[in-house]
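Structure first, then comments.
In what follows, chains carry the letters A, B, and so on, assigned in the order in which the sequence lines appear, proteins first and then strands, with residues in each chain numbered from 1.
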There are 2 protein chains.
Amino acid sequence: MTTTRPETAQEPKYWHLRTVLDDALEREFEVGEILPNERELAARFGVARATLRQALEQLELEGRLQRRRGVGTTVAPPRTAVSVAPSPGTWPGADHDGWRTVGCAEAAAPAQVAEALGIAAGESVHTVRRVRTVGDRTVGTEILYVPAASVPGLPRALSPAEHAPAVLRELRLLELSGAESAVELGSARAEDAKQLDRLPGAPVLVVTTRYRAGAATAAVAVSTYRADTCRLTFGDGGAVDITHHEAARAS
Amino acid sequence: MTTTRPETAQEPKYWHLRTVLDDALEREFEVGEILPNERELAARFGVARATLRQALEQLELEGRLQRRRGVGTTVAPPRTAVSVAPSPGTWPGADHDGWRTVGCAEAAAPAQVAEALGIAAGESVHTVRRVRTVGDRTVGTEILYVPAASVPGLPRALSPAEHAPAVLRELRLLELSGAESAVELGSARAEDAKQLDRLPGAPVLVVTTRYRAGAATAAVAVSTYRADTCRLTFGDGGAVDITHHEAARAS
DNA sequence: CAGTGGTCTAGACCACTGA
DNA sequence: CAGTGGTCTAGACCACTGA
């Protein structure tokens with residue numbers, strides 16, 4: 001038996017498949033086009049379906065494919081650029097920042113949240129839930145934690161519909177002295193997954209932002225974006241459009 | 001047959017397992033501690049090894065576990081905070097920015113790189129390769145593309161050892177007018193994977209940064225960080241330490 | 001209800017590590 | 001060389017979609 005590429009004999013089958021499929025996608029498929037089904041593709045490449053699926057998973061993770069149960073696998077459009085921490089000096093909840101409020105509650109701060117906010121566990125915190133949509137797609141969800149102490153002027157008796165707007169309005173009365181963000185990889189919890197139209201465990205980019213007013217932390221936001229379809233942009237613009245995929249080929 | 005939780009009967013087994021393991025890690029294990037091997041764990045939970053592995057993969061993706069072939073699975077330490085785009089107005093290659101140069105070459109710009117740089121394909125570009133280490137761990141790799149036109153004062157005949165330092169030095173002579181970054185999920189190519197001590201296809205956070213001098217793009221950097229072990233920080237500090245894992249529990 | 005992707009099994013064998 | 005995680009197979013069945 002001879003192999004055509006003895007030097008790459010070590011390469012896992014699924015990784016090689018990924019490359020082959022990736023090239024084929026670029027050459028022979030249009031965005032939105034539907035691929036042959038998995039059983040068909042596996043047979044065509046002479047591998048088990050599980051192996052084929054490993055390759056597809058990679059490509060989906062990289063934003064090249066989109067798979068939907070009961071429907072099929074399609075070629076994904078380029079990732080959506082989502083601007084994060086857009087204009088310095090801006091509190092969350094500006095009028096047209098792309099977010100839509102879906103709920104708000106007041107409760108005692110769990111330990112981890114309290115720690116991030118620099119308050120005692122159990123102190124009262126407003127929890128504003130928001131979703132971000134681009135076109136008609138939900139690309140991100142967010143939980144914004146605002147200590148009750150940050151918004152002392154908040155009226156008492158608020159209707160559920162008035163709660164979130166009031167909290168955000170009060171927040172804007174504070175002078176924002178700075179904000180820091182961190183980005184890391186996570187997996188979608190059941191609730192987020194449903195809102196993002198993904199299965200639980202889907203890879204997400206988690207952005208944690210701390211908003212400061214004076215020396216204190218006035219609020220903390222935890223935002224969750226679909227990792228397969230989003231590219232998070234920081235700084236003045238988001239125009240850079242070299243993807244990892246293309247850059248790697250170039251190297 | 002009755003299930004103890006009829007309302008969660010729909011939950012995939014591997015997802016439930018992930019949760020159970022995650023709780024067990026927090027309660028019964030120390031950072032660095034080694035877990036029972038996969039065959040043992042699968043037997044203990046009464047699932048196939050493949051199913052157990054799906055749960056472990058999730059936890060590794062989330063930075064909770066570290067798996068090494070031939071060694072075992074250990075509880076991972078908290079993610080390393082890596083500062084990205086640290087001080088505004090700073091070119092890459094400052095003296096102590098955590099990067100170490102590992103090579104430099106000059107070649108014709110491939111199409112994608114040329115486009116990002118705003119130059120014609122085939123124009124000459126210096127390609128500086130660097131790695132970033134924290135402690136003795138390589139957490140990131142980078143390719144910095146600098147058009148030859150950006151560094152006109154570069155001496156001719158340079159020894160390989162002098163090439164990269166000279167390019168970075170020339171770059172610092174330009175006035176930096178701004179920089180934009182984008183973060184997205186990718187998978188490690190063979191070369192990056194080796195440097196990051198991961199297998200090909202490992203999830204990485206890809207940061208693409210465009211450095212501007214005047215209206216032109218003076219350089220583009222593509223940095224690749226281990227997604228399992230890194231948390232990328234933007235802005236003044238990186239002190240926010242709510243992880244997705246903990247925030248989700250709190251919600 | 002046909003067709004799709006998602007989950008799960010039981011098993012074999014390979015690549016790698018460190019004693 | 002024993003023990004670990006990584007790869008791969010062949011198959012069954014489930015959940016979901018849209019005609």
Side-chain angles (χ1 to χ4, degrees), chain A residues 1 3 8-19 21 33-61 64-76 187-188 190 193-194 197-203 228, chain B residues 1 3 8-19 21 33-61 64-76 187-188 190 193-194 197-203 228:
Chain A
M1 300 273 195
T3 53
T8 58
Q10 309 269 46
E11 192 173 62
K13 223 181 250 192
Y14 75 89
W15 184 250
H16 181 243
L17 238 188
R18 189 211 75 95
T19 309
L21 282 167
E33 199 174 340
I34 199 161
L35 266 62
N37 72 53
E38 297 184 349
R39 289 156 180 90
E40 162 77 24
L41 281 175
R44 190 179 300 186
F45 288 106
V47 300
R49 194 176 150 221
T51 303
L52 186 267
R53 278 180 60 80
Q54 262 188 286
L56 294 181
E57 245 139 58
Q58 288 279 349
L59 290 169
E60 188 178 35
L61 195 91
R64 299 275 295 157
L65 291 178
Q66 208 153 348
R67 300 194 284 173
R68 273 173 305 171
R69 168 151 52 172
V71 178
T73 302
T74 54
V75 180
S187 40
K194 201 172 295 177
D197 191 27
R198 297 268 73 193
L199 295 171
D228 56 343
Chain B
M1 300 273 194
T3 53
T8 59
Q10 308 270 45
E11 193 173 63
K13 221 181 251 191
Y14 75 89
W15 183 251
H16 181 243
L17 238 189
R18 188 210 75 95
T19 308
L21 282 168
E33 198 174 341
I34 199 161
L35 267 63
N37 72 52
E38 298 184 349
R39 289 156 181 90
E40 163 76 24
L41 281 175
R44 189 177 301 185
F45 287 105
V47 299
R49 193 175 152 224
T51 303
L52 186 266
R53 278 180 59 79
Q54 261 189 286
L56 294 181
E57 245 139 59
Q58 288 279 349
L59 290 169
E60 187 178 34
L61 195 90
R64 299 276 295 158
L65 292 177
Q66 209 153 347
R67 301 192 285 172
R68 273 172 305 171
R69 168 151 53 173
V71 179
T73 300
T74 55
V75 180
S187 42
K194 200 173 296 177
D197 191 27
R198 299 267 71 194
L199 295 171
D228 56 343

Legend entry - Distance below 4.0 Å between Asn37(A) side-chain N/O and dG3(C) OP1 or OP2: no

What's the separation between atom [atom1] in [X] and atom [atom2] in [Y], rounded to the nearest 0.5 Å?
{"X": "Leu65(B)", "Y": "Asp228(B)", "atom1": "CG", "atom2": "CG", "answer": "10.5 Å"}
{"X": "Glu38(A)", "Y": "Arg49(A)", "atom1": "CD", "atom2": "CZ", "answer": "4.5 Å"}
{"X": "Thr19(A)", "Y": "Glu11(A)", "atom1": "OG1", "atom2": "CD", "answer": "5.5 Å"}
{"X": "Leu52(B)", "Y": "Arg18(B)", "atom1": "CG", "atom2": "CZ", "answer": "14.0 Å"}

Legend entry - Any Leu35(A) side-chain heavy atom under 4.5 Å of Thr74(A) side chain: no

Distance, rounded to the nearest Å, where [X] contributes [atom1] and [N] contributes [atom2]:
{"X": "Leu41(A)", "N": "dT4(C)", "atom1": "CG", "atom2": "P", "answer": "11 Å"}
{"X": "Asp197(A)", "N": "dG5(C)", "atom1": "CG", "atom2": "P", "answer": "16 Å"}
{"X": "Leu65(B)", "N": "dT4(D)", "atom1": "CG", "atom2": "P", "answer": "16 Å"}

Inset, instruction - Sort out the partner of dT17(D) for me: Watson-Crick or G-U wobble, both distances under 3.5 Å, none otherwise. - result: dA2(C)

Inset, instruction - Counting Watson-Crick and G-U wobble pairs only, both distances under 3.5 Å, name the nucleotide matched with dA10(D), or none. - result: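 In the structure as shown, dA10(D) has dT9(C) as its Watson-Crick or wobble partner.
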
Legend entry - Under-4.0 Å salt bridge between Arg64(A) and Glu60(A): no

Please tabulate, one pair per line, each protein N/O and nucleotide N/O from nucleotides 6-9 of chain C that are separated by under 3.5 Å, including the distance.
unit_1 : atom_1 : unit_2   : atom_2 : d
dG6(C) : OP2    : Arg53(A) : NH1    : 2.6
dG6(C) : OP2    : Arg53(A) : NH2    : 3.2
dG6(C) : OP2    : Arg67(A) : NH1    : 3.3
dG6(C) : N7     : Arg49(A) : NH2    : 2.7
dG6(C) : O6     : Arg39(A) : NH2    : 3.4
dG6(C) : O6     : Arg49(A) : NH1    : 2.9
dT7(C) : OP1    : Tyr14(B) : OH     : 3.0
dC8(C) : OP1    : Lys13(B) : N      : 2.3
dC8(C) : OP2    : Lys13(B) : N      : 3.4
dC8(C) : OP2    : Tyr14(B) : N      : 3.2
dT9(C) : OP1    : Lys13(B) : NZ     : 2.9
dT9(C) : OP2    : Ala48(B) : N      : 2.8
dT9(C) : OP2    : Thr51(B) : OG1    : 2.4

